[in-house]
Amino acid sequence: MIVFLSHLINGLSLGSVYAIIALGYTMVYGIAKMLNFAHGDVIMVGGYISYILMFNLGMPWWVALLAAMLVCTLLGVLIEGFAYRPLRAAPSLAVLITAIGVSYLLQNSALLIWKSNPKSYPSIIEGSLMLIKGETASDSLSVTYISLMTVGACVIIMVGLTLFTSNTKMGKAMRACSEDKGAAQLMGINVNKTISVTFAIGSALAAVAGVLMCSSYPTLSPTTGSMPGIKAFTAAVFGGIGSIPGAFLGGLLIGLIESFAKAYVSTQLANTIVFAVLIIVLLIRPAGLLGKYVPEKV
Amino acid sequence: MKKLQKSNLQSVSGSALPYIVVVAAFFIVTLLQKSGNLEQHMQGMLVPVCCYIVMALSLNLTVGIMGELSIGHAGFMSLGAFSGVVASQSLIDAVPNTALRLALSIACGACVAAVGGFLIGLPVLRLRGDYLAIVTLAFGEIIRDIITCLIVGHDKNGLHILFNFRGTKTVADLELVEGGLPIIKGAQGAIGTTKISSFGAGVILILIALFIILNFIKSRTGRAVIAIRDNRIAAESVGVEVMKNKMIAFVISTTLAGAAGALYGLNYTSLAADKFDFNKSILVLVFVVLGGLGNMLGSIISATVLTLLPEVLRGFDQYRMLIYAIVLILVMLATNSPKMKALLQKLLQDVKTLLFKAVPKRKSEGEV
């Protein structure tokens, strides 16, 4: 039971990281209708920025987090402005390849600036909370503060984004753009600005995810972001891409499945199990768990 | 989009140009090789370039002709590579002739990839758009993970295959009889493979792939697939079977990917399953998109140029992948952004007027 609970906690913590990344993915996809493959690399940049500020310049973690968010936000807006905006009318494959180019660019710039050897990233908050005290270490159950913080941050972000998209003017503009860009423009919505804001939010979330992820899984290298990026993208599709609660649910489920598969089936096949579940879900519900099925217009 | 597809079709039909280019390139490279003008590391690139060209042609059939984005194509290459290696290593005594063994191995790799393509196509082709893309990605990763768990060996009693589920088994568990040959060692991949791939075989494979694809496009099924791509609902309403036609195209595509994989696998003494990851699929997709969707000659050229580009940039050493990334972004912007296109056209016009200043002047004088 204790073992099960500890895997559950691991899964929730991992899932929350995926969920935060997936929220960024899903917002960008919902509005710009593009797969932003560079998203995972923005996470990596966020990780490095916070690492430098905290461990080379000795700043407190919250300053580092805010600075990382700021840098990633700028980076996201710049990427969107330079690489994606000129291709607004281009076929989606062209945008996809450009996104891959941006991803390579970020990875290789990081490789040049920060070198390839992985850095060990100490957790921003040490210590853990004892939940069940037992005689031995294997009898007791504890949860690290960083896991609690990750899950908390994830829930806050999810609720915040839901409120933002449903209540604010910008949020409404986003929903309008995701439904029909042309009509939104006719209603006086500045589509380009809306997309920029979406990228800004998505990239800021990526920075948060980068800091939290590196704190839980303490290695940082130029390719740190790519696999979590792919998994988070899977999570976004799993929950129904474009849907904010869907990304949250998908992220948590993918994290839990991965954690339990590693513990009870096979470490080597954990990814296979995650992807197999994804395939089965998509066959039963082709638009993801919470995705809206849009019938085709003839 | 429609205009583009139409022109692609026209360029494909009745044109022998791709064949001529491939054969000409073969002769030029052979000449360079004979005269000793080809550098050592470039010679090592010849077979991989052929493999990537076949991969690009194969993926172009799925993405360009069928119009479905597949981002797990390296998985089929991997299936072909490892089954090709197993076939070749097992046949080492039975078929001493390397050319024949290579052909048999490639055929074996192609068959395995075809079966894989059929099984994966059943669920994948029911989905659409980005969902289809993500499922191909998932299958690519699954194939990689499963091959990482395989331990295969061959002795006089036949093939021994172990599935290393928990990561505890080793080659010793295969219990090979004396003289047996371990072929795939789990996470290390295929080790101790006898290299039998050759540039000539690669060129022949490219020609076969071209022949199959160019004829497929003109066939009844090929035309049906293009009709489905352009408008699925319209095609369905005139009685085109969507699933069947798409499946045929997809299986042909994966078969060719498997053949390319077998050639690739037999070009290295050791090969790990990790080589065929998501990045490899993306690499091939970049070839296809940069070469032009549905344009086979474009795929051949871009696969060649982009495979050799990092080698050519070797002088820049650590900056080469950075340059590659920037080139990729700039090319996509230049070919797809309307502003950049206009700018390029204007530049071209300026250059023309600069070069042929006299010509337009005389014309205008004549008009006056």
Measure B/Ile143 against the heavy atoms of chain A and call it side chain, backbone, both or neither at under 4.5 Å.
-> neither

For A/Val265, is it the side chain, the backbone, both or neither that has a heavy atom under 4.5 Å from a heavy atom of chain B?
-> both

Could you check whether the rings of A/Phe199 and A/Tyr84 sit parallel, tilted or perpendicular, using 30° and 60° as the cut-offs?
-> tilted

Would you name the heavy atoms of A/Ala200 and A/Val77 that are closest together and state the gap between them?
-> CB-CG2, 3.8 Å

One option among A/Leu96, A/Val237, A/Leu106 has the most heavy-atom pairs under 4.5 Å with chain B, and it is A/Val237

Interchain contact, B/Val63 with chain A, by part (heavy-atom threshold 4.5 Å) | side chain

Is a side-chain donor or acceptor of A/Asp41 paired with a backbone partner of A/Tyr104 at a separation under 3.5 angstrom?
-> no

Contact part of A/Ala89 toward chain B, heavy-atom cut-off under 4.5 Å: side chain, backbone, both or neither?
-> neither

Whatever's closer than 4.5 Å to a heavy atom in chain A on B/Leu69 counts as side chain

A/Tyr264 and A/Phe260 aromatic ring geometry - parallel, tilted or perpendicular at 30°/60° bounds = parallel

Any idea which of A/Pro86, A/Ala83, A/Ser103, A/Ala90 has the most non-hydrogen atom pairs under 4.5 angstrom with chain B?
-> A/Pro86

Ignoring hydrogens and angles, tell me if any N or O in the side chain of B/Ser253 forms a donor-acceptor pair with the backbone of B/Ser58 under 3.5 Å.
-> yes

With a 4.5 angstrom heavy-atom cut-off, could you sort out which part of B/Val289 is near chain A: side chain, backbone, both or neither?
-> side chain

Side chain / backbone / both / neither for A/Tyr29 at chain B, heavy atoms under 4.5 Å = side chain

Considering only heavy atoms and a distance below 4.5 Å, find which of A/Val95, A/Leu282, A/Val274 pairs most often with chain B.
-> A/Leu282

Contact origin within B/Ile142 toward chain A - heavy atom pairs under 4.5 Å = both

Of the non-hydrogen atoms in B/Ala138 and A/Leu278, which two are nearest, and what is the gap between them?
-> CB-CD2, 4.1 Å

Option in A/Thr267, A/Ile273, A/Leu112 with maximal non-hydrogen atom pairs under 4.5 Å from chain B = A/Leu112

Any donor-acceptor N/O pair, B/Arg229 side chain to B/Gly64 backbone, under 3.5 Å | yes

Quick one: sort the A/Phe233 and A/Phe37 rings into parallel, tilted or perpendicular, breaks at 30° and 60°.
-> perpendicular

